[in-house]
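Written out below as structure tokens is the structure these notes cover.
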Amino acid sequence: MNKIAVVGTGYVGLVTGTCFAETGNHVTCIDIDENKVNKMKNGEVPIYEPNLDTFFDRNIAAGRLKFTTSLEEGIKDAEIIFLALPTPPGEDGSADLSYILGVAEELGKLITEFKVIVDKSTVPVGTAEKVEEAIKKNTELEFAVVSNPEFLREGFAVSDFMKPERVVLGTTNDRAKDIMRKLYKPFVRQGNPIYFMDEKSAELTKYAANSFLATKITFMNEVANFCELVGADIDQVRAGIGSDSRIGKRFLFPGIGYGGSCFPKDVQALVKSGKEVGYSFEILNSVIKINKNQKTIMYPKIKNYFKGSLEDKKMAIWGLSFKPDTDDIREAPALYLIQKLLDGGAKVCAYDPEAMGNVKGVLGDTIEYAESEYKVLEGCDALLICTEWGIFRNPDFDLMKKTMKELVIFDGRNLFDLDEMNNKGFYYSSIGRKLID
Ligand SMILES: NC(=O)c1ccc[n+]([C@@H]2O[C@H](COP(=O)([O-])OP(=O)(O)OC[C@H]3O[C@@H](n4cnc5c(N)ncnc54)[C@H](O)[C@@H]3O)[C@@H](O)[C@H]2O)c1
């Protein structure tokens, strides 16, 4: 059993804290957001993440999971302190380290014995050194800084955390190595590796992984755009290349661009880190540019269909979150498309199983929100699919036909079969495939 503190109780911090409690550790989660901490103290999970609630309830009941707004109280007994703080993009695209370094300085004032301080946030190469310096400003006690990037995916965060494909630990401190190896042992029982490496390599591993995946998605989006111009079908091309084990089947689905809190900011931050040492990541510069364009790639098609004017057209949206099974809307393609539609004079009504609350916080009543995937279709001139939630995959087409004013679908996620759409009489425009009209 370890005593652990997790500073920052967002998507990563709460999952980290809850999963460590689930393996018998005593965890205190610290957050400056009083509202969030009060919710958690009252037994409420403040984010939507499948299966988190079961672990959350069980570990609170067992007294292994606690919450506080006080850094001092939260870290008092902890031997291991995780930093799961935001690293949003600064104005120049670089990762803003003020949250991490601010907390590190505070920790220097508060620690009274040896602590392992683990950076779980995604941070640029060299941050572990900066964290060490920030802590040292205020203490002469011994401590170790470990870089432990997190690879969980929102929507699968609990299972990803409990059974990670690998754990990356950047540290050259032997005492910290032992502590971290024991802490992670229950999570790698099936034999998945723990990679120990130096801090800088661990920090870069995370950026390289996210930038690679963003590039893979972007490459497929470009191939899909090309398919439309030459009459090829991206689904067939995808199957053809995905069966090559050097390429692999995953991350080959074309769509309306990647969003979320990680890929956009991490790709940008790696480009910025490159610039700082005189290196230009040409491939990533292109990825950023292409992805920006891809988020609104459906807009000209929609406008074209309506002969140049969207004035008073009612657009129904399926899906607002940046991907299914999360309420996270950070950098979600749907929001970019909605803005274009509103600027173009359209009326927008949206439905999402989990993300409508967050979107209301940003867009307020500039758009309407519907109670269900069918209600949103009432009187609509077109349906636009932005997120591939499971419930959208096999809908009641007959009910849709009765409800929609016009049988027009722009599908940014390629959910439906072209022949079926043809047989059912829909106008169906998707990504990298034949137009059904
Ligand atoms: N979300 C993901 O899928 C994911 C996956 C891997 C890595 N990451 C990385 O993990 C880090 C955290 O991401 P997230 O999505 O969990 O962020 P988040 O915004 O959901 O959570 C951050 C939390 O930190 C709190 N906080 C801010 N300042 C604080 C302070 N001084 N003291 C205590 N709490 C404070 C905020 O109130 C918030 O609850 C980022 O670096 C991100 O890039 C995220």
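Counting convention: from 1, in listed order, for ligands and their atoms alike.
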Q.
Looking only at the aromatic ring of each residue, does the gap between the centers of F187 and F161 stay below 6.0 angstrom?
A.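 Between F161 and F187, the centre distance is under 6.0 Å.
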Numbered atoms and elements of ligand 1 in range of [X], under 4.0 angstrom, heavy atoms:
| X | answer |
| --- | --- |
| L152 | 3 (O), 5 (C) |
| V7 | 32 (N), 33 (C) |
| K36 | 38 (C), 39 (O) |
| T87 | 40 (C), 41 (O), 43 (O) |
| V103 | 31 (N) |

Checklist entry - Is it true that R330 lies under 4.0 Å from ligand 1, counting heavy atoms only? => result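 Under 4.0 Å: yes for R330.
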> If you measure from each heavy atom of K206 to ligand 1, is any distance below 4.0 Å?
Replying inline: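 Distance cut 4.0 Å: K206 passes for ligand 1.
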_Below 30° counts as parallel, above 60° as perpendicular, anything between as tilted: where do the rings of W389 and Y48 land?_
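Rings of W389 and Y48: tilted, as their planes differ by 30° to 60°.
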Check the orientation of W318 and F392. Use parallel for under 30°, tilted for 30 to 60°, and perpendicular for over 60°.
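The rings of W318 and F392 lie parallel, inter-plane angle below 30°.
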- [ ] Measure the spacing between CD1 of I256 and CG of N414 and express it to the nearest 0.5 Å.
- [x]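 Answer rounded to 0.5 Å: 10.5 Å.
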From D328 CG over to S321 OG, what is the distance, rounded to the nearest 0.5 angstrom?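 Rounded to the nearest 0.5 Å, the CG-OG separation comes out at 8.0 Å.
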Requested in this report: Pick out which of V15, N25, N2 makes a side-chain contact (heavy atoms from CB on, under 4.5 Å) with F20.
Outcome: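 It is N25; the other options fail the test.
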To check your reading of the model: name the closest protein heavy atom to [atom], its residue, and the distance in Å.
| atom | answer |
| --- | --- |
| atom 33 (C) of ligand 1 | I32 N, 3.4 Å |
| atom 11 (C) of ligand 1 | L85 O, 3.3 Å |
| atom 43 (O) of ligand 1 | K265 NZ, 2.5 Å |
| atom 21 (O) of ligand 1 | G10 CA, 3.1 Å |
| atom 10 (O) of ligand 1 | V12 CG2, 3.6 Å |
| atom 25 (C) of ligand 1 | D31 OD2, 3.2 Å |

Notebook entry, point to check: Among E150, E154, E34, E49, which one has a heavy atom closest to atom 3 (O) of ligand 1?
Noted result: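 Heavy atom nearest to atom 3 (O) of ligand 1 belongs to E154.
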**Prompt:** Any idea which part of S261 is under 4.0 Å from ligand 1, heavy-atom wise: side chain, backbone, both or neither?
**Reply:**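 Side chain only.
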**Asked** Where does C262 meet ligand 1, judged by heavy-atom distances below 4.0 Å: at the side chain, the backbone, both, or neither?
**Response**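 Only the side chain of C262 comes within reach of ligand 1.
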A quick test of your reading: do over 12 heavy atoms of other residues, nucleotides or ligands sit less than 6.0 Å from CD of E420?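 Yes.
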Does ligand 1 come near enough to [X] that some N or O of the ligand is less than 3.5 Å from an N or O of the residue?
| X | answer |
| --- | --- |
| Y11 | yes |
| D266 | no |
| R153 | no |
| T122 | yes |

Determine whether D396 and Y374 satisfy the following criterion, side chain to side chain contact (heavy atoms under 4.5 Å, CB included), listing intermediate values before the conclusion. CA-CA 9 Å; D396 181 343; Y374 298 110; 3.5 Å; yes
(Q) A cation-pi test, strictly: NZ or CZ of K360 under 6.0 Å from the centre of the six-membered ring of Y369 and no more than 45 degrees from its axis. Yes or no? (A)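 Judged by the rule (NZ or CZ under 6.0 Å from the ring centre, within 45° of its axis), K360 counts as positioned above Y369.
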Geometric cation-pi criterion R413 and F253, 6.0 Å radius, 45° cone =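 Not flagged: R413 not positioned over aromatic ring of F253.
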Mind listing the side-chain donor-acceptor pairs of residues 75-91 below 3.5 Å, one per line with the distance, residues two or more places apart or on another chain?
from : atom 1 : to   : atom 2 : distance (Å)
T87  : OG1    : T122 : O      : 3.0
T87  : OG1    : K265 : NZ     : 3.3

Requested in this report: Apply side chain to side chain contact (heavy atoms under 4.5 Å, CB included) to D343 and Q339, showing your working.
Outcome: CA-CA 6 Å; D343 292 347; Q339 200 50 59; 3.2 Å; yes
